[in-house]
Amino acid sequence: MANEERDRLEGYRYNLPFFEHLHKELQNAAGMSRNPAGEDAPGEGDGHPGAETVPSGTARPERMLNPHTDNLLRRIEERIALLDKVRECSDDLVPLIGEEPPGMREELAALGESGYGNLTETLLRPGRATISVVIPVLNEERCITRCLDSIRGLADEIIVLDTGSTDGTVDLIRGDYPHVRIEFAEWQDDFAGIRNRLNDLAAGDWIFQLDADEALIGDGAELRAFLQSVR
């Protein structure tokens, strides 16, 4: 597969219509596997007990994708729910996530059963992208707990850069959040410098900047799943 084609197919990783289309095909395939009826299968009235036919007007799926179908359906449904929620968060994301790319169905049909199945598994495979959350602090004892609690499930590393706190901020973090890395820098009246210092300290593929008086609303694990889905 050429690099250009592979990159284009990778774009389906965060495309809602693709997964909705795939979900429908798999549901059809699962239904057919529970009620098989080939062209030469016995029909009604031919003397075979329990013989069944495909109801008139029922479309046969183009390909029978049935490796662990129930588990695959569950994974696809989780991706659909995630992408649907992300799409609602920003109008700017609608064209990328919510609109069916031109020629998608024809392109997928041309892949064949093996290529289609491999693409599906590739796009649903959990990503390995790591996430750093970086937080500058200065006398934030009153609000740092809310901030740190809100990012549970999101970060692979959390880095706090203290710029001279004289209250209990540092002791609170050390006592209640031992997994949080604390670094120190002298405040130079330069917010950009502190941000850049935090970015230099971070090792994650994604860097999520948060102020101590801010908190993530919602499920951090969901945001992590989305960031890893787009890698």
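Counting begins at 1 with the first residue of the sequence. Hydrogens, waters and symmetry mates are skipped; everything else that's a heavy atom, side chains included, is used.
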Any residue meeting salt bridge (Lys or Arg N to Asp or Glu O under 4.0 Å) with Asp167, in chain and number order, not counting sequence neighbours:
none

Approximate separation, where rounding is to 0.5 Å, of Leu148 CG and Leu172 CG:
8.5 Å

Check side chain to side chain donor-acceptor pair (under 3.5 Å) between Arg142 and all other residues, then give those that pass, not counting sequence neighbours.
none

Could Glu99 and Arg87 be called an ion pair, given the rule that one side-chain N must be under 4.0 Å from one carboxylate O?
no

Measuring only between side-chain heavy atoms, which start at C-beta, is Asp156 closer than 4.5 Å to Arg224?
yes

For Arg174, enumerate each residue passing the salt bridge (Lys or Arg N to Asp or Glu O under 4.0 Å) test, keeping only those at least two apart in sequence or located in another chain.
none

Under a single-linkage rule joining Ile, Leu, Val, Met, Phe, Trp and Tyr whose side-chain heavy atoms are separated by less than 4.5 Å, which residues share a cluster with Ile217?
none

Using side-chain heavy atoms (C-beta onward) and a distance below 4.5 Å, is Val86 in contact with Leu16?
no

Any side-chain to backbone donor/acceptor pair from Gln188 onto Gly193? Under 3.5 Å, distance only.
no

Heavy-atom nearest pair, Ala155 first then Ile158, reads CB-CG1, 3.7 Å

What residues form a salt bridge (Lys or Arg N to Asp or Glu O under 4.0 Å) with Glu88, not counting sequence neighbours?
none

Got a sec, which residues hit side chain to side chain contact (heavy atoms under 4.5 Å, CB included) with Asp211, two or more places apart in sequence or on another chain?
Pro136, Arg195, Asp213, Glu214

Just by distance, no angles: are the side chains of Thr169 and Glu140 close enough, under 3.5 Å, to form a donor-acceptor pair?
no

Smallest separation among heavy atoms of Asp91 and Pro95, with atom names:
O-CD, 3.6 Å

With sequence neighbours excluded, residues passing side chain to side chain contact (heavy atoms under 4.5 Å, CB included) with Ala215:
Arg146, Ser150

Among the clusters formed by ILVMFWY side chains lying less than 4.5 Å apart, do Tyr14 and Leu93 turn up in the same one?
yes

Using the test side chain to side chain contact (heavy atoms under 4.5 Å, CB included), find all partners of Leu138 that sit at least two apart in sequence or belong to another chain.
Thr163, Ser165

Below 4.5 Å, heavy atoms only, C-beta onward: do Leu124 and Leu72 meet side chain to side chain?
yes

Which residues share a salt bridge (Lys or Arg N to Asp or Glu O under 4.0 Å) with Lys24, sequence neighbours left out
none

Kindly check if the number of other-residue, nucleotide or ligand heavy atoms within 6.0 Å of CG (Asp200) is above 12?
yes

Can you check whether Glu100 reaches Arg105 side chain to side chain, under 4.5 Å on heavy atoms?
yes

Close side-chain approach of Leu22 and Leu108, heavy atoms under 4.5 Å
no

Residue list, ring-ring contact (aromatic ring centres under 6.0 Å, His included) with Phe18, at least two apart or on another chain:
Tyr12

Connecting only ILVMFWY residues whose side-chain heavy atoms lie within less than 4.5 Å of each other, what is the rest of Leu161's hydrophobic cluster?
Val134, Ile159, Trp187, Phe191, Ile194, Leu198, Leu201, Ile207

Distance col, row Arg75:CZ vs Leu26:CG, nearest 0.5 angstrom, shows 10.5 Å

Are side-chain heavy atoms of Phe184 and Val170 found at a separation under 4.5 Å?
yes

So, for Ala212 and Cys147, which heavy atoms are closest and what is the spacing to 0.1 Å?
O-CB, 3.4 Å

Residues forming a side chain to side chain donor-acceptor pair (under 3.5 Å) with Thr130, sequence neighbours excluded:
Asp205

